[in-house]
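Shown next, in C-alpha cells, is the structure this report addresses.
All of these numbers come straight from a predicted model, not from anything done at the bench. Convention: sequence-line order gives letters A, B, ...; per-chain numbering from 1.
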Amino acid sequence: GAGVSQTPSNKVTEKGKYVELRCDPISGHTALYWYRQSLGQGPEFLIYFQGTGAADDSGLPNDRFFAVRPEGSVSTLKIQRTERGDSAVYLCASSLSGPRDNEQFFGPGTRLTVL
Amino acid sequence: AQRVTQPEKLLSVFKGAPVELKCNYSYSGSPELFWYVQYSRQRLQLLLRHISRESIKGFTADLNKGETSFHLKKPFAQEEDSAMYYCALRDGSGYSTLTFGKGTMLLVSP
C-alpha cells in the first residue's frame, strides 16, 4: 500500500511569507508526527497528533508554527512570517496508534528554503 | 532531559570489515532504543529496536545500561550498507516521541 506522502517535495519562499506543508499518513494510522531536520542534525520532534487532537506540541519552537489535523487524517503544518532559520527538511510520520509499541513510518519530507 | 549522542559524523570502512556505529544516551528513566537508517534517496526507516533483540540485515545492537550505550554492529560490512544511520531514544515507561542523534554516515568501499 501507499506510504506516508508529503507535498510539496520542495518549497522555496521569501522571508516573512506564510507556508503550508501537507502530510498524508498511511490509511488507518491514527497517530501522526511532525519532525524538523536541519542540515547536519537528526530529526527533531515538533508535534504529535492522536486523531484530530494535538496530544503533544511541546516541540513547536514558537507561536509562528501551528499544525492541524481536522478530520484525523491529513495534517497541515503552517509556518507564519518565515525566517531563514526555518529552512530545513520537514518530516511527517504516522503510526497505527500512539508512539508506544508502534513503529513510526516516515514520509519523504518537504525541503523548505527561506531566502 | 533526554539526549542521544553519536560521536562520529562519518565512518568509512572497506567491504568485509567489521562495523561499529556508536550511540550513547542520557536518560534517567527506562529507555527504549532504536536504530533508523536512511539510504540514498530513500526515506527514513526503522532498522531495529532493542526490545526485539533481533538481527536485521546482519546488524545487531545491545543495550548496555551500565555504559548507557546502544552501539550498532555488523561483522562484515557490505557496499549496500552505505547509508545514514540514526540512533533514537524513547521513554519506555510511558508514551513519548523519539529523540534522535545527529546521525553517522557509513561509507563502505569495495
- A:E44 versus chain B, heavy atoms under 4.5 Å apart: side chain, backbone, both or neither? neither
- Joint hydrophobic cluster, B:Y25 plus B:L47, side-chain heavy atoms closer than 4.5 Å: yes
- Item | From A:Y48 atom OH to B:T97 atom OG1, the distance as rounded to the nearest 0.5 Å | 9.0 Å
- Task: Count the heavy atoms of every other residue, nucleotide or ligand shown that sit under 6.0 Å from CG of A:L39, and state whether that count exceeds 12.
- Result: no
- Message: Suppose a student defines contact as a heavy atom less than 4.5 Å from any heavy atom of chain B. Which residues in residues 11-35 of chain A would they list?
- Response: A:Y33, A:Y35
- Note on the structure: Of all heavy-atom pairs linking B:R90 and A:N102, the shortest is NH1-O, 3.9 Å
- Test log, rule side-chain contact (heavy atoms from CB on, under 4.5 Å), inputs B:Y36 and A:Q104: CA-CA 10 Å; B:Y36 279 79; A:Q104 294 182 31; 4.2 Å; yes
- Taking atom NZ of B:K22 as the centre, does the number of heavy atoms from other residues, nucleotides or ligands within less than 6.0 Å exceed 12? yes
- Do B:V37 and B:L21 sit in the same hydrophobic cluster, where Ile, Leu, Val, Met, Phe, Trp and Tyr count as joined when their side-chain heavy atoms come under 4.5 Å apart? yes
- Query: If you group Ile, Leu, Val, Met, Phe, Trp and Tyr by side-chain heavy-atom gaps below 4.5 Å, do A:L46 and B:V4 land in one group?
  - Reply: no
- Message: Taking every non-hydrogen pair under 4.5 Å, which of A:G107, A:P43, A:P108 racks up the most with chain B?
- Response: A:P43
- Please answer whether the main-chain N or O of A:V4 pairs with a side-chain N or O of B:R43 as donor and acceptor at a distance below 3.5 Å. yes
- Query: Of the listed residues (A:S95, A:G59, A:G42), which shares the most heavy-atom pairs with chain B below a 4.5 Å separation?
  - Reply: A:G42
- Around B:F14, counting heavy atoms of other residues, nucleotides and ligands shown, do more than 12 lie under 6.0 Å from its CZ? no
- Message: Starting from A:F49, can I reach A:F45 by hopping between I/L/V/M/F/W/Y residues whose side chains sit under 4.5 Å apart?
- Response: no
- Query: What about A:F105 and B:Y85, same hydrophobic cluster or not, with Ile/Leu/Val/Met/Phe/Trp/Tyr joined at side-chain heavy-atom distances under 4.5 Å?
  - Reply: no
- Message: Which residues in residues 61-93 of chain A have any heavy atom closer than 4.5 Å to a heavy atom of chain B?
- Response: none
